[in-house]
Amino acid sequence: MKIWKMSIFTIIITISIIFGYLNLCNQEKYDWRKMAKNEITLPEPRRKSNVSLEEAIAKRRSIRDFKDEAIGIEEVSQLLWSAQGITDNVNKFRTAPSAGALYPLEVYIVIRRVKDLDPGVYKYLPHQHKLVFIKEGDISTKLVREALWQDWIAKSSIIIVISAIFERTTVKYGKRGIQYVYMEAGHSAQNVCLQAVTLGFGTTTVGAFNDEGIKQLLNMKEEEIPIYILPIGIPK
Ligand SMILES: Cc1cc2nc3c(=O)[nH]c(=O)nc-3n(C[C@H](O)[C@H](O)[C@H](O)COP(=O)(O)O)c2cc1C
């Protein structure tokens, strides 16, 4: 009887330790939310440009060859703002339209060559116009592997990745919400493409990649799905 009780007790303790460990791993993965010291406030984006919208539309082309040069943090700020920045401080509306203003999109940036920013993965926080550090190091080679070996991606200075939490939209619009989310990713990506032109940069919208691989590489949440990859750099 005593041995039987001891065995049950040991099993309960072992299960608790395993669950405790798994929980710790999970927390570690998303701890960046609380790490204020790892936040980078981005410079205020500008609202004027010497390049007209018509010129940007006419010039936009998919660019896959980049110079081996660093870009500035002001330009990073501008590109991220164009993707999902806040443009209405009262209603918190953003640069791209969103069905029911439910904003299912998340924006990440893989830094390769940016002056004053260490290579790594960061997440964009639209409300604070900040970057939050996720992981360090240049992950572009791993990203190339997950993007079906499109090796030109690793020549870019930065890589913007747009993902979505579909539930935010489908909770209101049901199955139709799935289409809305993809439409929104298109709006956001087009903003980035045109903004890149105004800055003298080039980009290509990449849709061919392994969802699960990209998700893991960027420490995305379980319910998040990557939609678009935009490698950006100075055209050769
Ligand atoms: C949804 C979508 C997915 C795409 N995926 C890729 C891709 O994985 N790799 C790539 O090199 N180009 C990709 N492209 C870019 C197209 O190849 C490109 O837009 C097309 O050749 C037209 O050229 P343009 O963008 O210069 O007008 C994609 C474009 C779209 C709209």
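In listed order, ligands and their atoms are each counted from 1. Just so it is clear, the values below take in all heavy atoms, side chains as well, and ignore hydrogens, waters and symmetry mates.
- Protein heavy atoms are found inside the 4.0 Å sphere centred on atom 6 (C) of ligand 1.
- Residue Tyr228 touches ligand 1 through its side chain alone, judged by heavy-atom distances below 4.0 Å.
- Atoms of ligand 1 lying under 4.0 Å from any heavy atom of Gln150, numbered from 1 in the order shown and given with element: 7 (C), 8 (O), 9 (N), 10 (C), 11 (O).
- Taking the side chain as every heavy atom from C-beta outward, Glu184 and Val181 never approach each other to under 4.5 Å.
- Heavy atoms from other residues, nucleotides or ligands lying under 6.0 Å from NZ of Lys215 number more than 12.
- Taking a cut-off of under 4.0 Å to the non-hydrogen atoms of Trp152, the atoms of ligand 1 that pass are 11 (O).
- Close approach of ligand 1 to Gly207 is summarised as follows: ligand atoms under 4.0 Å from at least one heavy atom of the residue are 3 (C), 4 (C), 5 (N), 6 (C), 7 (C), 8 (O).
- Tested against Trp152 for a side-chain contact (heavy atoms from CB on, under 4.5 Å), the candidates Thr204, Asp65, Ile63 yield a single pass: Thr204.
- Annotation: Asp116, atom CG; neighbour count of heavy atoms from other residues, nucleotides and ligands within 6.0 Å does not exceed 12.
- When each atom of ligand 1 is checked for a heavy atom of Arg61 under 4.0 Å away, the hits are 24 (P), 26 (O), 27 (O).
- Exactly one residue among Lys155, Lys236, Arg113 makes a salt bridge (charged side-chain N to carboxylate O under 4.0 Å, His left out) with Asp68. That residue is Arg113.
- Residues Tyr182 and Phe166 bring their aromatic ring centres within 6.0 Å.
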field: Steps toward ring-ring contact (aromatic ring centres under 6.0 Å, His included) verdict (Tyr122, Tyr108)
entry: CA-CA 6 Å; Tyr122 300 77; Tyr108 294 81; over 10 Å; no
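- Criterion: ILVMFWY side-chain heavy atoms under 4.5 Å apart, direct or through other members. Under it, Ile234 and Val197 are not part of a common hydrophobic cluster.
- Proximity annotation for atom 19 (O) of ligand 1: of Ala189, Pro231, Ser62, Ser62 comes nearest, heavy atoms only.
- Remark: Lys92 NZ is packed, more than 12 non-hydrogen atoms of other residues, nucleotides or ligands lying under 6.0 Å away.
- Applying the 4.0 Å criterion to heavy atoms of Ala208 picks out, from ligand 1, the atoms 8 (O).
- Proximity annotation for atom 29 (C) of ligand 1: of Ile229, Thr205, Thr204, Ile227, Thr205 comes nearest, heavy atoms only.
- By the definition of a contact as any protein heavy atom under 4.0 Å away, atom 22 (C) of ligand 1 is not in contact.
- Of the polar atoms of Val206, none of the N or O atoms is found under 3.5 Å from an N or O of ligand 1, judged by distance alone.
- The protein non-hydrogen atom at the shortest distance from atom 17 (O) of ligand 1 is Arg64 NH2, 3.3 Å.
- Shown in contact with Arg60 at under 4.0 Å from a heavy atom are these atoms of ligand 1, numbered in order with element: 24 (P), 25 (O), 27 (O).
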